Amino acid sequence: MRIGYACLTYGNITSNFKTITKKTLTVENLLKVIDHNLNALEEIIDYNIENNLDLFRITSDLIPFGSSSLNVIEWDKIFGERFHDISLKILDSGIRVSMHPGQYSVLNSPREEVLTNTIDDLKYHEKVLNLLGTDNSSKIVLHIGGVYGDKKSSIDRFIENYNKLENAIMDRVIIENDDKSYTIEDVMHISSKAGIPVVFDNLHHKVNNCGGSDLLWIDEARKTWLKEDGVQKIHYSQQDTKKSKGAHSFTIDLGEFKEYMHLNFRGSLDVMLEVKDKNLSAIKVSNFVRSSNINKLEVEWSRYKYNILEKSPKNYNSIRQLLKAKEQYPIIEFYNLIDISLSLESTIGNQINAIEHVWGYFKDIATEEEKKKYFGLIAKFKEGRNTSNGIKKFLKELAFKYERDYLMNSYYFSI
DNA sequence: TGACGTCAAGATCCG
DNA sequence: CGGATCTTGACGTCA
């Protein structure tokens, strides 16, 4: 089983993707932002390789106005070499990338103009995957679209429009059940007529339910994946219990995931997680499915420990105890304690405790000026005249200045 | 007409 | 001036 996440990283990656609005849309700005975004993509690919994350959905915002005539530059040619550099990393690592056009691309729209825009958008997505040198197992995920008061003819129109797409796009499009209009049964029906691979989404099925177990539908959907399409892919997410039906949870609850995976799926599965904490959950689930070495948890502990310390010294100690049993792999308990702790409110006292632990790395090597700044900030914080953000930012600067690897990889400064 | 879901940009406000 | 906090946005469908 391979694990991945969508579009963005949460936490410790320095550069995120930038966007452009119509008002600031100039050639100069486009060149700048595309350059930035390709660097960000490369950084994320590197990160995914380091962390053994096998699947990744590339954001549709990679190229601003990528499918619009407002973008007048030949970005595919101008940045051809950059795409090539990244493609080598993707191909070499075997990471499976994919894309997912947004809600405004609707292949079954009765409006001519919407259809034209959708086809342009699909061309854009295909171009990116092509520039990245991927084969046809790198997919473009689509929902079916609107119902327009007549599901049957809307389904027919989807199939008709799909069949008019150019081959290179048809070979990449796969279809997914959504949480409002088209159930997995509808999508399977379309697949049987048009020969399109089907992505089963568990939360959408839960919200827009047509009967049948997840196991049944995943096994049915498996049959729609041919050899050249690659391993069957599913989307997996959990309900945020505090939000509306269908809202993704902040993080993946491993116990719940474990139970789901006990369904005994028949073949290999690629699992795309849809979750707010993105890469963090992907690492968590990946450690569950592919490892039983406690070193993996120790690496995770090094990243989370100061976050836990500032939330709950009690849980901090519990986790330390848990990790002492070197021959075991208490992964569920480990992440449960992490997740529970992160959801707590931290007290001023606990925050100061964590700050002082981190300051311990620098107290002997900091310059007089740095010491002065630190004691000034901490005094102000104790009086409640600022938040811990400023102190954390300063400590992060010190971590990078003095190259303390342990801290540089910590989530303490970023989540 | 707003909700839908999402996050960066841009605007505004505050010390 | 820098940081914190808001509002807005290229695109569509549905109630």
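Proteins get letters first, then strands, A, B, ... in listed order; numbering begins at 1 in each. What you are looking at is a predicted structure, and each value in this text was computed from that prediction instead of being measured.
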### CA sep, side-chain torsions, deciding dist, call: A:E370, A:F362, side-chain contact (heavy atoms from CB on, under 4.5 Å)
CA-CA 9 Å; A:E370 285 161 355; A:F362 311 114; over 6 Å; no
### Query
On DNA chain C, nearest-nucleotide positions of A:F65 versus A:G145: which is more 5'?
A:F65
### Query
For A:G146 and A:K22, take the nucleotide of DNA chain C holding the closest heavy atom to each; which residue's nucleotide lies nearer the 5' end?
A:K22
### Any A:T24 side-chain nitrogen or oxygen under 4.0 Å from OP1 or OP2 of B:dA9
no
### Query
Which is true for A:K276 with a 4.0 Å heavy-atom rule: it touches a base, it touches only sugar-phosphate, or it touches nothing?
sugar-phosphate
### Message
Say we look at C:dT5 and B:dG5: how far apart would their P atoms be, to the nearest angstrom?
### Response
25 Å
#### Entry: Residues that A:N161 engages under side chain to side chain contact (heavy atoms under 4.5 Å, CB included), provided they are two or more places apart
A:L107, A:L115, A:R157, A:K164
#### Entry: Atom P, compared across C:dA4 and B:dT6: separation rounded to whole Å
25 Å
### Message
Let me check I have this right: for DNA chain B, each base becomes ., (, ), [, ] or |, based on Watson-Crick or G-U pairs with both distances under 3.5 Å. What is the full string?
### Response
||||..|||||||||
#### Entry: Test of ring centre spacing under 6.0 Å for A:H143 and A:H100
yes
### Task
Look at A:K392 together with A:E397 and state whether they make a salt bridge at an N to O cut-off of under 4.0 Å.
no
### Message
Rounding to an integer number of Å, can you tell me how far A:H100 NE2 sits from B:dC7 P?
### Response
14 Å
### Summary
When rounded to whole Å, the CD1 to P distance for the pair A:I34 and B:dA8 reads 18 Å
### Query
Any chance the rings of A:Y316 and A:Y306 have centres within less than 6.0 Å?
no
### Message
Distance under 4.0 Å to a non-hydrogen atom of chain A counts as contact; along DNA chain C, which nucleotides mark the start and end?
### Response
C:dG3 to C:dC14
## Note on the structure
Taken to the nearest whole Å, CZ/A:F17 to P/B:dC7 is 13 Å
#### Entry: Any side-chain donor near an acceptor of the partner, A:N350 and A:S346, under 3.5 Å
no
### Message
As an exercise, state the distance from CZ of A:F413 to CG of A:N307, rounded to the nearest 0.5 Å.
### Response
9.5 Å
### Query
What integer number of Å spans the P atoms of C:dA10 and B:dG10?
11 Å
### Message
Between A:K139 and A:D270, does any NZ, NE, NH1 or NH2 come within less than 4.0 Å of an OD or OE carboxylate oxygen?
### Response
no
### Task
Remember a base hit wins even if backbone is also touched, and classify A:G102 as base, sugar-phosphate or nothing at under 4.0 Å, heavy atoms.
nothing
### Query
Separation of A:H248 atom NE2 from B:dC7 atom C1', in whole Å?
15 Å
### Task
Describe the nucleic acid contact of A:T21 in one word from base, sugar-phosphate, nothing, applying a heavy-atom distance below 4.0 Å.
sugar-phosphate
### Query
So what does A:S181 touch, heavy atoms closer than 4.0 Å: a base, only the sugar-phosphate, or nothing?
nothing
### Message
Rounded to whole Å, how long is the line connecting atom CG of A:N16 with atom P of B:dC7?
### Response
10 Å
### Query
When all nucleic acid strands are considered with a 4.0 Å heavy-atom cut-off, which category describes A:K393: base, sugar-phosphate, or nothing?
sugar-phosphate
### Message
So A:D121, base contact, sugar-phosphate only, or nothing? Heavy-atom distance under 4.0 Å.
### Response
nothing
### Task
Calculate the interatomic distance between A:I20 atom CD1 and B:dG10 atom C1'; express it in whole Å.
14 Å
### Message
Test side chain to side chain donor-acceptor pair (under 3.5 Å) on A:Y236 and A:Q238; report intermediate values, then the result.
### Response
CA-CA 7 Å; A:Y236 178 82; A:Q238 296 175 346; 2.9 Å; yes
### Message
Tell me the interatomic distance from A:K32, atom NZ, to B:dA9, atom C1', rounded to whole angstroms.
### Response
12 Å
### Task
Would you mind classifying the nucleic acid contact of A:L8 as base, sugar-phosphate or nothing, using non-hydrogen atoms under 4.0 angstrom?
sugar-phosphate
### Minimum side-chain heavy-atom gap A:Y374-A:I355 below 4.5 Å
yes
